[in-house]
Amino acid sequence: MRAWGLRHRLGVLGGAAVLLATALGTLGTAGAGTATAADAPVETGYQNPVTALPPVSRPPTPHCTVTVMRNDFGNTISSPPYTGTVTPPESCPGPWTKVVLDWSGTVQGRQYDRLAGVWIGGAEVLRTSTPEPTADGISWHLEKDVSSYIPLLRTARPLAVSLGNVVNSTYTGVYRMTLTLTYYQADRQHPAARTADQVLPLSSDPAGAGWYSLGPGQSAVKTVTLPRNLTGVQLEVYARGGGCDEQWFDSVPSDLAARYPDYLCGGGAYREVQVSVDGRPAGIAQPYPVVYSGGIVPTLWRPIPAVDQFVTQAYDLDLTPFAGELVDGKPHTFTLTPYGAADTWTVDGTLFLDTDHGAARTHGALSGDTLTLSPAVSTTETPVGGDTTEVRTTAQRDWQTSGWLQTSHGRVVSTVSQHAVYRNTDAVSSGGQRQRVAQQEYGATTVTTSHDTARGTGRGATRDAGRPSVVRHAWSYPVTVDSDVPLYTDGDNYSLSATVSQGRVLVDSVRSGNRWLPTAVTDDRVDATGVLARTGGLTTAADGTDSEHYLGSTDTGDCYDRSITAAHGYVTADRLLRCDRHTLAAVATPSG
């Protein structure tokens, strides 16, 4: 029996895909030692979830809040999604400077964490997962700026919400959810939001919950016809692993997993999401190592969730080099593939398209593509003493795509290049019951756009090649985990413990001369320890400590520095500190 199945069988408020000896981590080093269940207190409850992330800003303009869903998700695991209609409010007509989605819920009793998603007009606008409840119940809330979807929000569109839940005599928690949209009208000080001209979902269901559930070797494939006057193509990708791939970063080679099938998952530790256009490699998304609220040891994440647990960030890929191939009025096929998948992945995508307002057609071509769909992944297994096996996995990506478009404002050349590095070390011991994982994944994607503008006609015509614009998105996903299952007899007799650190560092920059100027910065880090044990069906240990430090920019560009610490399920300190653009520059420098 694999770790994922074992954790679920334990019924310890375990996660929607809980792996036994796994975890996420941040910028620490593995091997500091796990917490122990010996003499640990029994935590009987915890407060509502809290996070150090900055709130979404709310413009001081006239606005309207519309409740688009209020629904109880009981035994919905095999039911169709909730459906409705999103209609723009008559009292707050556009243009809007911002639209904000609010997702609020309550749950009590006993329940696993669950994956959830929201679609408007076939486009996935929110992916999230739920917290695990207490007997007395908890409530939580998250918010997201969905202004980029305004092209879909201007007219009535179908709404779909998926939250597959199980309610029976053991798992009693019903998720009571409310979903609202708030439309903020534009004014002189708060102009209309800048968006793509068209939003085109690649979902499997244009009117429902359209994510693709993919097994090993499977791909999501969607064929669409695009406008004939394209000037830009952006792809937003959602991807989360499930089952043994929910915590793919602590999976081991299949031969090692076969030796300890009760505790380890196979398939190796490297994953990427590959994107192809008409069969040609077009881009790569590096998935963040998400942990659900029941992941590893559930007491790790009470009340501070893991990074990306509640508001899953999508991955943005620039496919503009392929635009010249897509403007012929013919159908074109987009393919999304979770490379290396050893279990289920939930994948979806949405295109954001810019068009030429001065011409009915553009034309161009793809001029270069060095990306392959066969990454060079190296894995070694080395005995290092006793029954410990050290697994090392490395990979590196260096690729470039380039294309040109002839538009009403001249010839535009777009080049996308990426450098990405992956390193994972996993010390597996005690017959697979203990794992010490240290993972570093980092890289940068750079987009260069140059314009060659024609001036005049005939013999007197000249060309003006302006300075290229260069933007860069850099990321770092450090993770360390020390996880132990010192005892497992059955679902009524076991002991779990773990220490986890995880981080996400994102830096967006623009090139100015010889310098990179940061435009958006995120440095989000969570550290946690947790224990959970049962003897004879009674909980004998349930405790944890948890902390989060967020330092980065807000959606208005201001600096935000907040730290929260918690113990035994309750916040012990919450500090909001002063910071400024110099602080943000210091955060951005290591990623440069």
Side-chain angles (χ1 to χ4, degrees), residues 24-30 32 50-57 145 286 288-290 304-309 311 313-316 318 396-397 417-423 438-448 468-480 499-528 545-566 571-592:
L24 290 181
T26 123
L27 306 141
T29 56
V50 294
T51 178
L53 297 178
V56 174
S57 65
D145 182 352
Q286 287 75 21
Y288 185 79
V290 182
I304 302 171
V307 175
D308 219 45
Q309 193 176 98
V311 184
Q313 286 200 11
Y315 310 101
D316 296 322
D318 194 323
Q396 182 167 314
R397 279 291 203 177
S417 60
Q418 184 182 93
H419 171 69
V421 175
Y422 177 88
R423 300 190 185 104
Q439 178 169 299
Q440 287 283 340
E441 184 169 16
Y442 60 90
T445 302
T446 303
V447 179
T448 302
S469 65
V470 186
V471 298
R472 182 178 66 178
H473 173 72
W475 73 89
S476 176
Y477 303 153
V479 170
T480 64
T499 298
V500 179
S501 294
Q502 60 176 155
R504 177 167 56 195
V505 181
L506 307 174
V507 179
D508 291 334
S509 307
V510 297
R511 187 84 173 181
S512 177
N514 295 323
R515 297 185 303 155
W516 288 102
L517 301 180
T519 57
V521 177
T522 293
D523 189 343
D524 188 15
R525 311 190 185 207
V526 172
D527 298 276
T545 63
D546 201 3
S547 67
E548 181 180 20
H549 181 206
Y550 178 93
L551 174 58
S553 50
T554 67
D555 59 5
T556 60
D558 295 326
C559 186
Y560 190 86
D561 187 346
R562 185 179 179 185
S563 296
I564 303 176
T565 58
V571 170
T572 57
D574 187 345
R575 298 183 302 162
L576 185 62
L577 304 177
R578 286 188 174 183
C579 62
D580 55 27
R581 59 184 179 87
H582 299 292
T583 312
L584 294 177
V587 174
T589 299
S591 298

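Here, residue 1 is the first one in the sequence, and each next residue gets the next number.
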Check: Looking only at heavy atoms, which two atoms of Val571 and Val50 are closest? And how far apart?
Finding: CG2-CG2, 3.7 Å
Next item on the list: Give the minimum heavy-atom separation between Cys559 and Leu551, together with the two atoms involved.
Entry: SG-CD1, 4.0 Å
Checklist line | CG-OG1 distance between Asp527 and Thr499, expressed to the nearest 0.5 angstrom | finding: 9.5 Å
Check: Quick one: does Leu506's side chain get under 4.5 Å of Tyr477's, heavy atoms only?
Finding: yes
Notebook entry, point to check: Residues in side chain to side chain donor-acceptor pair (under 3.5 Å) with Ser469, at least two apart?
Noted result: none
Item checked: Over all atoms of both residues, closest heavy-atom pair of Pro289 and Val479 -> CG-CG2, 3.5 Å
Next item on the list: Heavy atoms only: give me the nearest Trp475-Ala444 pair and the separation to one decimal.
Entry: CZ3-N, 3.3 Å
Note to self: Just to verify, what does Ser417 make a side chain to side chain contact (heavy atoms under 4.5 Å, CB included) with, not counting sequence neighbours?
What the structure shows: Gln400, Thr446
Note to self: Looking at Ala520, is its backbone amide N or carbonyl O close enough to the side chain of Ser553 to form a donor-acceptor pair, meaning the two atoms are under 3.5 Å apart?
What the structure shows: no
Notebook entry, point to check: Which atom names give the shortest non-hydrogen contact between Ser57 and Asp555, and what distance separates them?
Noted result: OG-OD1, 2.9 Å
Checklist line | Closest non-hydrogen atom pair between Ile304 and Ser547, with its separation | finding: CD1-CA, 3.8 Å
Margin query: When you compare the side chain of Pro518 with that of Leu584, does any pair of heavy atoms fall below 4.5 Å?
Written below: no
Item checked: By side chain to side chain donor-acceptor pair (under 3.5 Å) - contacts of Thr556 (at least two apart) -> Thr554, Asp558
Notebook entry, point to check: What distance separates His473 NE2 from Asp508 CG, expressed to the nearest 0.5 Å?
Noted result: 6.0 Å
Item checked: CD on Gln313 to CG on Asp524, rounded to 0.5 Å -> 9.0 Å
Notebook entry, point to check: Which residues pass the side chain to side chain donor-acceptor pair (under 3.5 Å) test with Asp318, sequence neighbours left out?
Noted result: Gln234, Thr320
Note to self: Show every salt bridge (charged side-chain N to carboxylate O under 4.0 Å, His left out) that has at least one partner inside residues 509-522, sequence neighbours left out.
What the structure shows: none
Checklist line | Those residues that, when tested against Asp574, pass salt bridge (charged side-chain N to carboxylate O under 4.0 Å, His left out) (two or more places apart) | finding: Arg562
Item checked: Flag, side chain of Glu548 to backbone of Thr51, donor-acceptor distance under 3.5 Å -> no
Notebook entry, point to check: Hey, are the side chains of Tyr288 and Arg504 touching, using non-hydrogen atoms and a 4.5 Å cut-off?
Noted result: yes
Check: CG of Asp546 to OG1 of Thr565: how many Å apart, nearest 0.5 Å?
Finding: 9.5 Å
Check: Ile564 versus Tyr550: any side-chain heavy-atom pair under 4.5 Å?
Finding: no
Checklist line | Worked check of side-chain contact (heavy atoms from CB on, under 4.5 Å) between Asp561 and His549 | finding: CA-CA 8 Å; Asp561 187 346; His549 181 206; 2.7 Å; yes
Checklist line | Residue pair Gln439 / Tyr422, side-chain donor-acceptor N/O under 3.5 Å | finding: yes
Next item on the list: Kindly indicate whether the side chain of Gln286, heavy atoms from C-beta on, has any atom under 4.5 Å from the side chain of Tyr442.
Entry: no
